[in-house]
Amino acid sequence: MSSIAARTSIERGCRVIVPVGAALPSFDGLRPGAASMPPREVDLDDSYYDTSDLSLARWGVTLRRRSGVDVSMWIVELPVEGVGSAVERRVLTFDGASDQVPDGALDILRAMVRSNQLVRVARLQIHRVTTDVSDAEGGLLVQVVDDDASVDDAPGLAVRFREVGVEILAPGKLGRAALKAAAKRLVAASFEVSDQRTTLIPALGPAALEPPDVVVPDLSVEATVEQLITRALCSSVVRLIRSDPGVRVGEDPEGVHQLRVATRRLRSDLQTFASLLDPEWVAGVRAELSWLATEIGRVRDIDVLHATLRRDVAMLPDQDVAHGAMLLDALRSAHCESRAGLLSTMRSDRYEALVGSLVRDCTHPVWAADRSDQLDRPALHITRRLVRRRWKHLAAAVDDLGEDPTDDALHRIRILVKRTRYAAEAALPVASRQAGRWAARLAGLQDLLGEHHDTAIAESWLRAASETNPTLGIVAGQLIQIERARRMELREAWPTAWRRASAARFRTWL
């Protein structure tokens, strides 16, 4: 399976459960001159699928097969983010008239489902009334979807409930303002705008509100060593699982970036806390994460390089833009190849086993046998020592740089900055606010050195591309000059960024 055969969209809006038979407020006048259009009615049959313990619902994900008049499809909804009363969801639809979950949908959900079987957990007979609200010029603002649902095969649960959703149709601030006005009217009518995950509770029961397989626990400043390390590991595992579907869909490079951050942070945290963990376990997990990170890195590096060169090509003289486009086409071809390799990795039994072991072990890490007496101690003292060790390693490496460090030497500093930053961020639940400020300064330095490294990678790739196709030599040379100029600017800026990040006032908590 080389691609996901799905249609994707982003839906933004809010959903509420309202009493059956209750009258909805009018949505006329959400904006000056806005009016509701004639409603449309349709009957739908939705069958929801999940694992027996409702793993998908607990992650805030839904999978359903929908049928009705001229409708036969499978739908996956993934949470993206929420802002105020708005909830953003990525919706993927797959063709399919059978009761067998499409391969593409299974692929999207693999990190959350793994080897567990998907079964039908609820069937809803829905009478839907859809009303569009337009502005004075006839442009669509929001769509109000009123679902009166009857639940089949749900003993002990509500047999009927009603869900109302308001989806944004207008772009930008106009749509957000219309949604806010609609939500305000629903609240005024005593309907509670609630979390998207709660709307299926009448059909699935309270088990759907249980936490997912991995949660990031809240800690107090009195947290123990065991609690702090567990939290750090869980945080990265949650990031990995939540970014996995976006990588498979492939529409936004941010998914690959977040997956890479998750693997890097996990490897770094395991190394930071290695003295308290079982060495064989740490070595095994870090080796598997390194295998995965190699495949992720191939895709992410091309994503970054493509964004960089696309910006630079736009600066070329008109007569050279065509050759610049040829370079970008070559990058896109390389991206397709590297992405195919990453997807093959993520569809392997080895990857599934890695995710399963991370889910299992992040909440119950394998501790070093001779350090068990330290796990119940307050985390701050030991964490300070471990972060201080990272910092001293970084500071010593900077002292050894000399006045004109090589590109490779600065890249090595970036890696040490990243490790120190991750260690400081792991300590945030028990450290003072200075730790957060210091981590932010280190993040800025890491970004600067990362961009410096990106310019060196871009130059190397451009040289290789021009050797492969000499007709691109002139354009490649121009782009190399742009990258070199940027690299010189970053070299001049990096000592100031280092002084800001290494200021003693941010490290008094150590």
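Leu92 is listed as a side-chain neighbour of Phe94, based on a closest heavy-atom distance under 4.5 Å. Within the 4.5 Å cutoff, side-chain heavy atoms of Thr8 are placed close to those of Val249.
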Yes or no on salt bridge (Lys or Arg N to Asp or Glu O under 4.0 Å) for Asp303 and Arg339, after CA distance, side-chain angles and deciding distance? CA-CA 10 Å; Asp303 282 340; Arg339 173 170 162 76; over 6 Å; no
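A distance-only check finds no donor-acceptor pair linking the side chain of Gln117 to the backbone of Thr51 [under 3.5 Å]. Side-chain atoms of Arg248 do not come within 3.5 Å of backbone N or O of Ile108 as any donor-acceptor pair.
By the 6.0 Å contact criterion, CG on Asp373 is enclosed, its count of non-hydrogen atoms from other residues, nucleotides or ligands being greater than 12.
Figure legend: cation-pi geometry between Arg350 and Trp291, with NZ or CZ positioned under 6.0 Å from the six-membered ring centre and within 45° of its axis.
Distance check, rounded to the nearest 0.5 Å: CG of Asp454 to OG1 of Thr308 gives 5.5 Å. In this structure, Glu451 CD and Trp494 CH2 are separated by 15.5 Å, a value rounded to the nearest 0.5 Å. Separation of atoms CD (Glu88) and CZ (Arg12) is listed at 4.0 Å; rounding is to 0.5 Å. Distance check, rounded to the nearest 0.5 Å: CD of Glu483 to CG of Leu305 gives 8.0 Å. A distance of 7.0 Å separates NE2 in His453 from CZ in Arg414, rounded to the nearest 0.5 Å.
Residue Arg298 is tested with Thr294, Ile302, Asp301 for a side chain to side chain contact (heavy atoms under 4.5 Å, CB included); the sole match is Thr294. When each of Thr420, Leu416, Val417 is tested with Arg390 by the rule side chain to side chain contact (heavy atoms under 4.5 Å, CB included), just one qualifies, namely Thr420.
Across all non-hydrogen atoms, the minimal contact from Ser55 to Asp213 is OG-OD2, 3.6 Å. The shortest heavy-atom contact between Asp252 and Arg90 is CB-NH2, 4.5 Å.
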